[in-house]
Structure formats: C-alpha cells, structure tokens
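Here's the structure, in structure tokens; my notes come after.
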Amino acid sequence: QVQLVESGGGLVQAGGSLRLSCAGSGRTFSSYGLGWFRQAPGKEREFVAAISSKGNNAYADSVKGRFTISREDAKNTVYLQMDRLQAEDTAIYYCAASYYGGTWSHESPYSSWGQGTQVTVSS
C-alpha cells in the first residue's frame with residue numbers, strides 16, 4: 001500500500017489561493033489513481049477531484065473551474081491548486097490512492113488515505 005502525507009493547508013481569506021500537496025511512498029505510485037476529498041464540520045466526507053494514472057481528471061461541480069489537480073510521479077506527489085476560495089471550501093482535505101488507476105469519485109476504490117490537512121477560508 002501507498003502511504004500518504006498531506007501538507008499545505010492553512011488559513012486564507014475568501015478569494016485567495018492555496019496549494020495542497022500529498023507525498024506518497026512506494027515505487028508503484030505512478031500506477032495509482034489519486035483523489036482529493038474533504039470533510040466540513042458536521043458533514044460527510046465528499047469528493048473534490050481525482051486524477052488517473054494516465055493524467056485524466058475529474059472534479060466535483062462545486063470546485064470545477066476553481067481547483068486543479070495534478071501529479072508529479074517523479075516526486076511521488078499529487079497537488080490540489082485551489083483558487084478563488086470560498087468560505088464553503090473550509091474543511092479537512094484528504095488525499096487518497098487507488099490501486100485501480102482510474103478517476104474515482106466515490107471512496108470505495110481508494111485503499112490508502114492521508115491524515116488530512118485543515119483548510120480554513122475566512123469571509
């Protein structure tokens with residue numbers, strides 16, 4: 001299994017930007033599908049974005065056009081660039097890795113999860 005560690009969270013004003021990073025372990029990182037999910041207080045965890053082993057991506061409607069997922073396999077890292085942040089984006093953000101290398105918007109294909117990083121957007 002891949003082990004994942006997120007970084008880059010913090011406090012930002014509405015309209016600002018943050019870039020989250022998620023570093024993974026293992027020599028087969030490039031074959032994994034990777035995803036970002038988030039969980040706001042009192043809500044269930046929800047899908048944000050995913051990228052396949054071939055670089056295809058998918059986004060939740062709520063972040064489409066504002067967030068960009070990318071991967072750098074040479075560094076075993078997946079990124080989430082978040083622009084035009086809104087108060088509603090406040091949540092703990094988790095990265096996840098799926099042995100099945102596609103773009104998955106539901107949790108079940110993901111076998112590895114990071115510990116999460118807090119993103120707080122002030123209005």
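Only this structure's heavy atoms are used, side chains among them; waters, hydrogens and symmetry mates stay out. Please read these numbers as outputs of a predicted model, since none were measured by experiment.
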ask   = Side chains of Val78 and Ile51: closer than 4.5 Å at any heavy-atom pair?
value =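 Yes, at least one pair of side-chain atoms sits under 4.5 Å.
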query = Are Arg38 and Asp89 side-chain neighbours, meaning at least one heavy-atom pair lies under 4.5 Å?
reply =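 In short, these two side chains touch, coming nearer than 4.5 Å.
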Ignoring hydrogens and angles, tell me if any N or O in the side chain of [X] forms a donor-acceptor pair with the backbone of [Y] under 3.5 Å.
X	Y	value
Glu72	Thr77	no
Thr117	Gly9	yes
Tyr110	Trp104	yes
Glu46	Gln39	no
Arg71	Gly33	no
Ser112	Gln3	no
Asn76	Gly26	yes

task = Tell me whether the centres of the aromatic rings in Trp113 and Phe37 are closer together than 6.0 Å.
result =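 Ring centroids of Trp113 and Phe37 are less than 6.0 Å from each other.
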Which atoms form the tightest heavy-atom contact between [X] and [Y], and what is the distance?
X	Y	answer
Ala87	Ser123	CB-CB, 4.2 Å
Val48	Phe67	CG1-CD2, 3.7 Å
Tyr79	Lys75	OH-CD, 4.3 Å
Ala97	Leu4	N-CD1, 3.7 Å
Leu18	Val12	CD1-CG1, 4.0 Å

inquiry  = Would you say CD of Glu44 has more than 12 non-hydrogen atoms from neighbouring residues, nucleotides or ligands within 6.0 angstrom?
reply    =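 No.
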request  = Run the numbers on Tyr59 and Thr103 for side chain to side chain contact (heavy atoms under 4.5 Å, CB included), then give the verdict.
outcome  = CA-CA 9 Å; Tyr59 297 94; Thr103 50; over 6 Å; no
task = Establish, yes or no, whether the cationic atom of Arg45 lies under 6.0 Å from the six-membered ring centre of Tyr94 and within 45° of the ring axis.
result =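 That pair qualifies as a cation-pi contact.
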task = Start with the C-alpha distance between Gln13 and Val121, add both sets of side-chain angles, then the distance that settles side chain to side chain contact (heavy atoms under 4.5 Å, CB included), and finish with yes or no.
result = CA-CA 5 Å; Gln13 289 188 333; Val121 184; over 6 Å; no
task = Output, in order, the C-alpha distance, side-chain angles, deciding distance and verdict of side chain to side chain contact (heavy atoms under 4.5 Å, CB included) for Tyr99 and Val2.
result = CA-CA 9 Å; Tyr99 177 81; Val2 175; over 6 Å; no
query = Can you hop from Tyr100 to Phe47 via hydrophobic side chains spaced under 4.5 Å?
reply =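 The answer is yes; both residues are in one hydrophobic cluster.
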request  = For residues 16-35, pull every pair meeting side chain to side chain donor-acceptor pair (under 3.5 Å), keeping only residues two or more places apart or in separate chains.
outcome  =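 The answer is Ser17-Asp83.
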message = I need the Ile69 CD1 to Met82 CE distance, nearest 0.5 Å.
response =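 Here the interatomic distance stands at 12.0 Å.
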request  = Determine which pairs satisfy disulfide (SG to SG under 2.5 Å) with at least one residue from residues 16-118, sequence neighbours left out, and list them in order.
outcome  =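 Disulfide (SG to SG under 2.5 Å) check on residues 16-118 returns Cys22-Cys95.
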message = I'd like to know whether Glu6 forms a side chain to side chain contact (heavy atoms under 4.5 Å, CB included) with Leu20, so could you lay out the CA-CA distance, the side-chain angles of the two residues, the decisive distance to 0.1 Å, and finally the verdict.
response = CA-CA 7 Å; Glu6 302 99 334; Leu20 304 183; over 6 Å; no
